[in-house]
Amino acid sequence: MGGNWMRQTRLFLNTMRENPADAEIASHQLMVRAGLVRQLTAGVYTFLPLGYRVLKKIEAIVESEMDAIGAQEVLLPAMQPEELWVESGRSETYGPDMFRLADRHQRKVVLGPTHEEVVTNLIDNEVSSYRQLPITLYQIQTKFRDEVRPRGGLLRVREFRMKDAYSFHTSPESLDETYRDMHDAYCRIFERLGIGYRAVEADSGAIGGSGGSHEFMVLSEAGEDTVAGCTSCDYSANLEKAVAVPLPAGDASATPAPLVVPTPGTKTIEELCRLLDVPASRIIKVVVYFADGQAVGVCLRGDHEVNEAKLKAVLGADHLRLATADEVLSAAGKRVGFVGPDAPIRMLFDRDIQSVSDGVAAMAGEDEHKIHVVPGRDFDLSETVDIRNVVDGDACPRCQSPLAFYNGIEVGHIFKLGTRYTDAFDTTYLDANGAAHRIIMGCYGLGTSRVLAAIVEQSHDEKGIIWPSAVAPFQVHIVLVSVKDEAQVKAAESLYHRLYAAGVEVLLDDRDERPGVKFNDADLMGVPVRVTIGNKIKEGQVELKDRKTGDVQVLSAEEAFATVLGMVK
RNA sequence: CGGGUAUUAGCGCAGCUUGGUAGCGCGCCUGCCUUGGGAGCAGGAGGUCGCAGGUUCAAAUCCUGCAUACCCGACCA
């Protein structure tokens, strides 16, 4: 027993009628209520049989598509020496987000949040010739990240399952090819999984590296990422990466000379707007950051926000944070709120500051601002870059149509890493002439346990989960209405055995429960096809119900068998 | 890291103000009855009241500390 058929009386499963108190989002509530998972501690979950069946199905699909593009499966260690991370420089970058421990000899060990270091080390040891390249390795592993705040059930956790792949190349063209293969494989994976997704341009973030990067997003209210997407063409990008058409330069030909006005105690843009009765788009603000220990000012319009990912990229900085009030005072010589674009620190200007034709800037003393300020006329625009988040009203960089914003769950992320890690480990191959060159790398992640949550988040109704057929824990759920009725039992057992013999994954609800309980549990569990065997068996009839559409067909037992085979194959 | 809330049976909660035998609903076990959308009746099992101190004749309840969990925020000048 077990495997592809199961009697519900034997299934390790407790469904719950009420939502657990700490579950807020639908996927978390349903996964707990339907008995897929149980929380052990913050951000750490047990997968129960039903949940694990689904996870394995997701992973099997991922594996088959990885295999199809020639990637080879390995299993890298979850436990890794800290030295590797020190060598790559990421021990510091990751900081407290990594679980760290010491072994009995006080050697420092980390639990892998990802595996670039380990796999590069492996390749460094094993690959020496161009003849061995290109090669792509992948694994499905449990990863560990000590998240500041786990949340959203299985969406942001500290221990999770992830497929990660790494490719190694002798040329950028070869990397491009594998990157495209991966991109296409990911599209096939999400199509096979039966979920709606969007591939978006992304920032490469902490993993580092140069070159392209795409994220695969499941659009959902519960998502933590913001996606900016064009309303007419297919441009879409993570907000961290999204760009817009530059705003038109303002016409300052009629702007009078600057004038100092008193603005005591205005600490925010909002206060300043109210006091001077100007819109935020006419304020020229300066935000002070510390990038790798150096103070740098960012000058942009009052209604725009600094995009820290862009700022980090422009500066090439590893660490970036806002300056504290005290640091602002000592670095720029003015209190927070009164640092102007002429402050005596390195200043970066957002390119759209040039859209201001008659602005307000803190280019005077404390508790004063200048009005009628024109960028370029009244202060120098030394370094002009795109450094802000796109906002509502911005135009698509490809087709000029308006951009719109969505929440998304990041379920996959692919990168062209370049030589970020092979530089760190001095990983080279010999070419046909015997000359050594750095190996070029790509890496490709896909969070399988997060995909599970994302599917539930996207595919449910008020009664429960609606599994896409490809990942459903079982294909057919036979609900035997009364275990006391011999005719029903006989018909149910017969169908159960025939479906199993035909290779259909089938769950038989043989519990001595009232029909309402069984129907509600079946809806909660979300198996795509339900066969109800009840008192219509007297007329030789059973009922077939589609979980997603709710469509019901009344058929003979024989017809039902044939129809079910047709539906699941 | 900061703030808030919570912690009492497997799950959801009451009890705490005003200290005195630990309760309810769901679930679970037994029996009867019932059987097409979470029935009913009867009986029953199950709790170091998060942990450690303190106050008191007496603490789930008051006080102190700690732990854990959940939520919100983490400074755009």
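Both backbone and side-chain heavy atoms feed into the values below; hydrogens, waters and symmetry mates do not. Below, chains carry the letters A, B, ... as their sequence lines are ordered, and counting in each starts from 1. If you're wondering where the values come from, they're calculated on a predicted model, not measured in any experiment.
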Would you say [Y] and [X] are linked by a side-chain donor-acceptor pair, where the criterion is simply a distance under 3.5 Å?
X: Glu308(A); Y: Tyr289(A); value: yes
X: Asn238(A); Y: Glu215(A); value: yes
X: Glu201(A); Y: Ser236(A); value: no
X: Thr266(A); Y: Glu271(A); value: no
X: His413(A); Y: Glu410(A); value: yes

Can you find a side chain N or O atom of [X] that sits less than 4.0 Å from OP1 or OP2 on [N]?
X: Ser482(A); N: G36(B); answer: no
X: Arg149(A); N: C72(B); answer: yes
X: Arg514(A); N: G38(B); answer: no

Taking the side chain of [X] as its heavy atoms from C-beta onward, which of [options] lies nearest to it?
X: Val481(A); options: U35(B), G12(B), C71(B); value: U35(B)
X: Lys545(A); options: G37(B), C1(B), G38(B); value: G37(B)
X: Thr15(A); options: G38(B), C76(B), C71(B); value: G38(B)
X: Glu305(A); options: C76(B), C1(B), C72(B); value: C76(B)
X: Gln39(A); options: C70(B), U35(B), C76(B); value: C70(B)
X: Ala42(A); options: C76(B), A39(B), C70(B); value: C70(B)

Flag the pair [X] and [Y] as a salt bridge only when some basic side-chain nitrogen lies within less than 4.0 angstrom of an acidic carboxylate oxygen.
X: Asp303(A); Y: Arg282(A); value: no
X: Arg100(A); Y: Asp146(A); value: no
X: Glu147(A); Y: Arg156(A); value: yes

Under 4.0 Å between any heavy atoms, over every strand shown, what does [X] touch: base, sugar-phosphate, or nothing? Just pick one.
X: Arg33(A); value: base
X: Ala325(A); value: nothing
X: Glu543(A); value: base
X: Thr266(A); value: nothing
X: Lys334(A); value: nothing
X: Val479(A); value: nothing
X: Gln488(A); value: nothing
X: Lys285(A); value: base
X: Arg335(A); value: nothing
X: Val298(A); value: nothing
X: Arg530(A); value: base

Legend entry - Selection: residues 339-351 of chain A, any non-hydrogen atom under 4.0 Å of RNA chain B: none
Legend entry - For RNA chain B, the residues among residues 518-529 of chain A that have a non-hydrogen atom under 4.0 Å from it: Phe519(A), Asn520(A), Asp521(A), Asp523(A)
Inset, instruction - Using the side-chain hydrogen bond (donor to acceptor under 3.5 Å, both in side chains) rule, take Ser556(A) and Gln541(A) through it: C-alpha gap first, then chi angles, then the decisive distance, then the call. - result: CA-CA 4 Å; Ser556(A) 73; Gln541(A) 292 186 312; over 6 Å; no
[X] has an atom [atom1]; how far is it from atom [atom2] of [N], in whole Å?
X: Asn535(A); N: G37(B); atom1: CG; atom2: P; answer: 10 Å
X: Met16(A); N: C13(B); atom1: CE; atom2: P; answer: 10 Å
X: Lys310(A); N: C76(B); atom1: NZ; atom2: C1'; answer: 15 Å
X: Asp146(A); N: C1(B); atom1: CG; atom2: C1'; answer: 14 Å
X: Glu24(A); N: C71(B); atom1: CD; atom2: P; answer: 6 Å
X: Leu480(A); N: U35(B); atom1: CG; atom2: P; answer: 16 Å
X: Asp509(A); N: G38(B); atom1: CG; atom2: C1'; answer: 13 Å
X: Glu224(A); N: A74(B); atom1: CD; atom2: P; answer: 14 Å

Legend entry - Aromatic Phe474(A) / basic Arg53(A) pairing, under 6.0 angstrom, 45° off normal: yes
Is [N] paired to anything, Watson-Crick or G-U wobble with both distances less than 3.5 Å, and if yes, which nucleotide?
N: G73(B); answer: C1(B)
N: G12(B); answer: C24(B)
N: U68(B); answer: A6(B)
N: U55(B); answer: none

Could you tell me how far [M] sits from [N] if I compare only their [atom1] atoms? Round to whole Å.
N: C13(B); M: G50(B); atom1: P; answer: 15 Å
N: A60(B); M: C49(B); atom1: C1'; answer: 5 Å
N: A74(B); M: G4(B); atom1: C1'; answer: 14 Å
N: U64(B); M: C71(B); atom1: C1'; answer: 26 Å

Inset, instruction - From the options His477(A), Arg530(A), Arg33(A), select the one residue that forms a side-chain contact (heavy atoms from CB on, under 4.5 Å) with Met525(A). - result: His477(A)
Inset, instruction - Could you pick out which residue, Gly152(A) or Ile533(A), lies toward the 5' side of RNA chain B when each is mapped onto its nearest nucleotide? - result: Ile533(A)
Legend entry - Nearest-nucleotide comparison on RNA chain B, the residue closer to the 5′ end among Asn19(A) and Asn307(A): Asn19(A)
Legend entry - Check: Lys310(A) main-chain N/O paired with Asn307(A) side-chain donor or acceptor under 3.5 Å: yes
Inset, instruction - Give a yes or no on whether the backbone of Lys108(A) and the side-chain of Glu82(A) come within a donor-acceptor separation of less than 3.5 Å. - result: no
Legend entry - Sequence-aligned protein contact record of nucleotides 26-33 of chain B, with B where the base is within under 4.0 Å of a protein heavy atom and S where only the sugar-phosphate is: SS------
Inset, instruction - For His372(A) and Thr255(A), run side-chain hydrogen bond (donor to acceptor under 3.5 Å, both in side chains): C-alpha distance rounded to whole Å, both residues' side-chain angles, the deciding distance at 0.1 Å, then the answer. - result: CA-CA 6 Å; His372(A) 303 316; Thr255(A) 306; over 6 Å; no
Inset, instruction - Please say whether more than 12 non-hydrogen atoms of neighbouring residues, nucleotides or ligands are located less than 6.0 Å from CD in Glu221(A). - result: no
Inset, instruction - Please work out whether the ring planes of Phe99(A) and Phe144(A) are parallel, tilted or perpendicular, with thresholds of 30° and 60°. - result: perpendicular
